[in-house]
J.: 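Handing you this structure, nothing more for now.
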Amino acid sequence: MKKKLSVAAILFFTFFNVFAIGIGPQLDFSEGLYFGDSTILNAGASCSIKLDKEPIVVNFTTNYDIVNNFFEPAITVDYWLFSPKISNSCNYFLGIGCGLGAEISKSDFYYSTSKRIVTGFSWTYYDGFMEHFIQLAIQQENQINHNLKTRYTLKFPLSMGTRFYF
């Protein structure tokens, strides 16, 4: 029975193009501010994953804040509400998303949740094998540390990168 199911699954995925996954590097730059405190200026690298048939993008980010001296790993998930074509290879997108992350410094550790609005452009090449993109988000974060101290931040992350579809 397991053998028949395996053969059926292999035949199904062989004859039908169900989906492709786009994976690639991304550079991030973000400026923002803590409400009632200081500014944020961070940069870093990410891994971006997107399904070609579904408008869902997942980013694994690793940013470093130059002003406040902390490391900021995070994961964000964005859902593109619409993505109309501008030309044969270019499209515009607008979506919403959420994220989970942390701020790690020598003296403190904050957990964070975020909600975001994303917009940007993407260009596909080589029959959809490669995609370049640039996006800007407005991201509001709620942060809490182990002492239950809370902070609220507003960030404007700018991301650009390339995804390869397999």
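Because the structure is predicted, anything quoted here is derived from the model rather than measured. For the numbers below, each heavy atom of this structure counts, side chains included, while hydrogens, waters and symmetry mates do not.
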J.: Quick one: CD on Gln143 to OG1 on Thr113, what's the gap to the nearest 0.5 Å?
T.: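 These two atoms lie 9.0 Å from each other.
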J.: Quick check for you: to the nearest 0.5 Å, what is the distance between Gln135 atom CD and Met160 atom CE?
T.: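 With rounding to 0.5 Å, CD (Gln135) is 10.5 Å from CE (Met160).
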J.: Side-chain heavy atoms nearer than 4.5 Å, only ILVMFWY residues, links allowed to pass through others: does that put Phe133 and Phe29 together?
T.: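 No, it is not one cluster - the side chains of Phe133 and Phe29 are not joined through contacts under 4.5 Å.
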J.: Can you tell me how far OG1 of Thr62 sits from CZ of Phe71, rounded to the nearest 0.5 angstrom?
T.: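 Answer for the CZ-OG1 pair, Phe71 versus Thr62, is 5.5 Å.
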J.: Determine whether a donor-acceptor pair (N or O, by modelled atom type, separation under 3.5 Å) exists between the side chain of Ser48 and the backbone of Asn59.
T.: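 Side chain of Ser48 to backbone of Asn59, a donor-acceptor pair under 3.5 Å: no, none is there.
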J.: Determine, using the 4.5 Å side-chain heavy-atom cutoff (strictly less than), whether Ile117 and Leu100 are members of one ILVMFWY cluster.
T.: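 Yes; tracing contacts between hydrophobic side chains, which count when under 4.5 Å, links both residues.
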J.: Can you get from Ile96 to Val77 by hopping between Ile, Leu, Val, Met, Phe, Trp and Tyr side chains that sit under 4.5 Å apart?
T.: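 Yes, it is one cluster - the side chains of Ile96 and Val77 are joined through contacts under 4.5 Å.
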J.: What residue among Tyr165, Trp123, Tyr125 forms side-chain hydrogen bond (donor to acceptor under 3.5 Å, both in side chains) with Glu131?
T.: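 Of the listed residues Tyr165, Trp123, Tyr125, the side-chain hydrogen bond (donor to acceptor under 3.5 Å, both in side chains) partner of Glu131 is Tyr165.
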J.: Are Leu51 and Val58 connected into the same hydrophobic cluster when the rule is that any two of I, L, V, M, F, W, Y join if their side-chain heavy atoms are below 4.5 Å apart?
T.: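 Val58 clusters together with Leu51.
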J.: Is the side chain of Thr119 donor-acceptor paired with the backbone N or O of Phe93 at a distance under 3.5 Å, no angle test?
T.: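 Indeed, once roles are kept as given, a pair shorter than 3.5 Å links the two residues.
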J.: Tell me, do Glu72 and Thr61 make a side-chain contact under 4.5 Å, heavy atoms counted?
T.: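 Glu72 does not reach Thr61 side chain to side chain.
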J.: In Å, rounded to the nearest 0.5 Å, how long is the span from CZ of Arg151 to CG of Asn145?
T.: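 Here the rounded value is 8.0 Å.
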J.: Could you check whether the rings of Phe109 and Tyr111 sit parallel, tilted or perpendicular, using 30° and 60° as the cut-offs?
T.: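 If you compare the ring of Phe109 with that of Tyr111, the planes turn out perpendicular.
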J.: Taking Asp65 for the side chain and Phe70 for the main chain, is one N or O donor matched with an acceptor at less than 3.5 Å?
T.: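 Absent.
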